[in-house]
Structures are given as structure tokens and as C-alpha cells.
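Per chain, numbering begins at 1; letters A, B, ... match sequence-line order. Just so you know, these numbers come straight off a predicted model, no measurement behind them.
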Amino acid sequence: MTVRVRIAPSPTGYFHVGVGRTALYNWLYARRHGGVFIVRSDDTDAERSTQGYQDDILEHLRWLGLDWDEGVEVGGPHEPYRQSLRLGRYHEVADAFLAAGQAYPCFCTPGELDERRKAAMAEGRPPGYDGRCRQIPPAGAAARREAGEAASVRFAVPRPGATDFTDAVRGEMHIGHDHVDDFVILRSDGSPTYQLASSVDDVDFGITHVIRGEDLLSSTPKHILITGAMGGDPITYAHLSLLMGPDGRKLSKRHGDTALRAYRERGIIPEAMVNYLALLGWSPGEDETVVPLGDMIERFDLGDVSRNPAVFDPAKLEWMNGVYLRALEADDFVARALPLVEADVGRALDDDELGRLAFVAPLVQERAKLLTEIAPQVRFLFVDEVSYDEAAWDKVMGAEGVDGVLAAAIDALSAVPEWDTASIETALRGMLEARELSARKGLQPLRVAISGSSISPPLFESMEALGRTRTLARLAGCAARL
RNA sequence: GCCCCCAUCGUCCAGCGGCCUAGGACGCCGGCCUUUCAAGCCGGUAACACGGGUUCGAAUCCCGUUGGGGGCGCCA
């Protein structure tokens, strides 16, 4: 049987890193088994769903490289893949349940329910629905509905009873129906709840494995009950532990960023994000940390998924990003940096500038952890006037004898026959020797002078990239500014 | 309150009865390298929550305690 898995995000917020991880595990499982990965939009919450969030989700799924075989925007044999377009189908299923006595109308109002829930809590009873309307004879219920009385539809959970299933990551599960209330499948306004819509879709779309967050573990009996009532094939469930913030609480906005978009904007590249997310709860078995995507696909197994909650650690993510950044081909690195550099400079670079960027790029590549660190380090190459970092200026330019160093550097560099790194180095080292200065003391003012910062790519190469005229002008301008 | 899940270094993971004086990675600390910042290299720090069993032998199996997480919605 072909493996069919899905990710079904609800477009009620930006694409969350936790959803990203769940999507990744589903995708890996599908690719590992030659299965089908489906993207469905669980947009039954009309109030909170927006097109903007929907776009953000698909954009980031693509950004991560998680291509889907069926679903939203790409289509497939089970179109449409948006729940808001399948409302009729949910009613069909609910009506069938009603007719078969597997569901019943409930006339309790949200207010009453709320009151009873609070009372039950206060008395220490389970706060779930008490099943009151299940006693109403079908004929009477039908009459009341025809008379126009508002009613939701609840699933009649078999009592006594229990649901048993084997979770692919957690093992044998047994949940007594005492702890599963008669849940609503259709709201009184006729809209389907998540429980109904999601389960119906899983059956209709032929989903074989549901890999999702642990927060849905407790409601799995409901989904199994619906699947069974529909006569659908049993589905294998796999519940992933949740992602935590640094304080051990569920990862939320309080801990910083939960939106994948934020990490992307910070300069994380998708390869690193995928690798980091993959290892946040899954282990290839060996003591490996950097695992190429191909290996992941080959080795991914639900049995190797960790059951413990995992703390999302941005520091490790950034370290890993550095690893991937350094592993990039030189031109690939430039290609990824270019948009950020151009945005930083505020215009497109011309051919000459592109050449200069390509020249220094490998030097910044070996020291960058984030894509966003690049532009500030190469900016000095593309602006007419550098803005000096105040702290760097004060610290370096305030030192004794800086004016002499600048003058000597200008002299030495003016005399350089060929403007290349080696000649520049020779000239400057000669200057250092003549003035009996350490490289640390004698070069740092030059760095600040040409780059505006005490942090820059290596000096000699930077000067070559800048060009003789600009370098000299910047040194002179700096001397005048002292 | 009730139900479910989980429990190895600060963090992520390895370990699935003897190979464990518990391994790797991030972080942190120290050193080397060095024209800045990084990167790199070397070294160090640091954990089997607790208590009972089972067994010749438990990080590994069972029970309990404690702790953490999730759920108990006409949200998804």
C-alpha cells in the first residue's frame, strides 16, 4: 500500500517552526517510502483564517524544500484540498451518522455548557459534555429541529468502551471512553469542527499515516471513532513531542520567534533549518549532527523519533547555519548574499562591483554564521562615504600616533607598483617594520579607516578590492578627520 | 480535579541487560593560530530525577514517588 501522509496547517498564523518540523517528518516519511506527501488547508475557522497566512505557509513549505505531490495549489485526484470548499461533504457524513444513530442533535447552548463545565470542575467531575441530549428520542429531536431550534451535532461515543491503538512513536495506547466526551462534529451554525473535517478528509484522501503533534494524542480516539463510523481503513498515528522554549514551556512568542519567517529573515538558510529541525527529535542512530538531506531520507524512521519534548535552541541553529554557509559553493554563496547586499546598499550592483563582491565573498563566507552578517561587512566596498562605527573610531583612532600611521600607510601604498594583495601586504609590512609597530597596532587604524569598522574581511584583500584610488582617498579623509 | 505522554550533561541526541570509570553535538571555559571579527585545531566543564523491586548483572525491564509537558472547547 502506498504511504500517503499530509500536513494540514490552519492558516490562522504565520508558519510556526513546530509545524515546520511536523511537515518535515511527514515529508521525510513519504520520501523514505516512495509515498505521497499532501498539503491540505484546514481553514474551517473562517474568523481567523486569512489568505496572507495561507500564502506564508505555502511560501515557507517551499522555502524548506518540502515539495508536495498533492494538495493546495498543485491539485490532485481529491480536489479541492481546502476544507472551506468541502463543507457539503462534511454535512453528508454528519447526516449519515445522524441517520445511523452514530450522532445526535444537541440543543444545549454554549452558555449552558459553559456553566455546567464550570460546575463540574468545581465538583471535581470531568468537565466534558455530560451527554444530556443523547437521551432525547430521535423523533422528538427531529421535531425540535424542524421547529427551528438551533442544535449542534454530537458524535455518540460508544459507552461503555475504549479505544486502543498503536502509536508509531509511543507504542500501545489505551483510552477509556469515560474520558472521551460526546464531541461536537457540527456547530449549530452548520460549520464542521476540526474533529469532523480533519477525520473525514483523512479518510477521503486515503491517508495512511497521521504524523502530528502530541497535543492531539488525547483526541485521537475521536478521530479513530469517526474513521470507523465512516468505514474507513485504519490509520496509523504517530505523535511527536512538542517544541519547548528555553524555559521548558511550550514554545511561544514569549520566547522570541516562533515564525519560520523570522529565522529566514535573520539569515538562516533552508538547508540548515531542515537539518536542525530534523535532529530536534529524530536521530539517525549514530553520533551524527550534520546529516545531508539524502541521508535523512534514506534513514528516517518513526521508530527513531524521540518521545521527549525538545527545547528549540537558536544558538545551535546558528552554529549549524554557519556549517552550511561555509559548505556552499563560492558562487552559490554570492548568489544568496547578493539580494541582501543590494538591499543594504539600496541599489543594484554593477559589473565592477559584482566582481569586487565575488573577490571578498569567500573571505566573509568563512566567518559568517548568518546571511545577514554579510552586507555590513562588505558595505564599505559599495558606498562613496563610509559611516564610522563610533565605538570603533573612539577606541582605535584615539590611540597615540595614529596620524603618523595613516601618513606612512599613504606613502607606502602610493608607491606600490601593482595594486594586489601581495604588494599591499609587502608595502604595509615594510611600513610596520620601519615604525616598529605590531601588526595589531599598525593595521587596525587602517582597517577602521577604510571599512569604518573594527570588524572587516582581512585588510590587504579588502584594500585590493576597494582599489588604490578609493583606499588612498579613504585614508587621507580619515587623517583629515582626526 | 480527571486522563494521557515524558524523564541521560544547561540544551539536542546516542545508549534498547554486561562493550558505560555513560558517547557525540551546541553552549560555556582554557589554549593554539592570528592584521580585526570569525572560522579552524587542541583540551576541559557537565548528566543516567528519587525510592523500591526483577536479575549473577541495570541508564537500559517492572512498580511507586517526584518533576515537566499535553488534553479535558459549538479553537485547530
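Nucleotides G1(B) and A59(B) have their P atoms positioned 34 Å apart, rounded to a whole Å. Remark: the separation of the C1' atoms in G70(B) and A76(B) is 15 Å, to the nearest Å. Taking the C1' atom of each, C29(B) and A46(B) are spaced 12 Å apart, rounded to whole Å. The C1' atoms of C48(B) and C6(B) are separated by 15 Å, rounded to the nearest whole Å. The C1' atoms of C9(B) and G53(B) are separated by 28 Å, rounded to the nearest whole Å.
With the nearest nucleotide of RNA chain B identified for both Arg48(A) and Arg21(A), Arg21(A) has the one nearer the 5' end.
For the pair Arg125(A) CZ and C72(B) P, the computed distance is 18 Å after rounding to whole Å. One interatomic measurement links the two molecules: CG of Asp45(A) to C1' of G73(B), which rounds to 12 Å at whole-angstrom precision. The separation between Leu216(A) atom CG and C3(B) atom C1' is 16 Å, rounded to whole Å. Separating the CZ atom of Arg170(A) from the C1' atom of C5(B) is a distance of 5 Å, rounded to the nearest angstrom. As rounded to whole Å, 14 Å separates atom C1' of G73(B) from atom CG of Asp182(A). Here the P atom of nucleotide A76(B) and the CG atom of Leu217(A) are 20 Å apart, to the nearest Å. Rounded to whole angstrom, the span from the CZ atom of Phe312(A) across to the P atom of C12(B) amounts to 13 Å. As a whole-Å value, the separation of Asp167(A) CG from G71(B) P is 16 Å.
Using a 4.0 Å heavy-atom criterion, one finds that Cys108(A) contacts the bases of the nucleic acid, with or without backbone contacts as well. At a threshold of 4.0 angstrom between heavy atoms, the contacts of Thr289(A) are confined to the sugar-phosphate backbone, with no base atom among them. Among the protein residues, Asp114(A) comes within range of no part of the nucleic acid, since none of its heavy atoms lies under 4.0 Å from any strand. Here Thr12(A) lies out of heavy-atom contact (under 4.0 Å) with every strand. Note on Gly281(A): only backbone sugar-phosphate atoms sit closer than 4.0 angstrom, heavy atoms only; bases stay farther off. Nucleic acid contact for Pro110(A): base, since at least one base atom lies under 4.0 Å from a heavy atom of the residue.
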key: Nucleotide-resolved protein contact map, nucleotides 30-50 of chain B, B/S/- at heavy-atom distance under 4.0 Å   = -----BBBBSS----------
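Both the sub-6.0 Å distance and the 45° axial angle are not jointly satisfied by Arg212(A) relative to the ring of Tyr237(A).
For Pro270(A), the side chain to side chain contact (heavy atoms under 4.5 Å, CB included) partners two or more places apart in sequence, or in a different chain, are Trp63(A), Arg336(A).
Among the nucleotides G70(B), U11(B), C6(B), the one closest to the side chain of Pro309(A) is C6(B). When distances are taken from the side chain of Asn308(A) to each of G73(B), A76(B), A7(B), the shortest belongs to A7(B).
In this structure, C33(B) forms no base pair with any nucleotide, since neither Watson-Crick nor G-U wobble geometry is met with both distances under 3.5 Å.
Dashed line: the shortest gap from a side-chain N or O of Arg117(A) to OP1 or OP2 of G1(B) is not under 4.0 Å.
Contacts between residues 171-178 of chain A and RNA chain B, counted as heavy-atom distances below 4.0 Å, involve Met173(A).
Residue Arg447(A) forms a side-chain contact (heavy atoms from CB on, under 4.5 Å) with just one option from Val396(A), Ile455(A), Leu459(A), and that option is Leu459(A).
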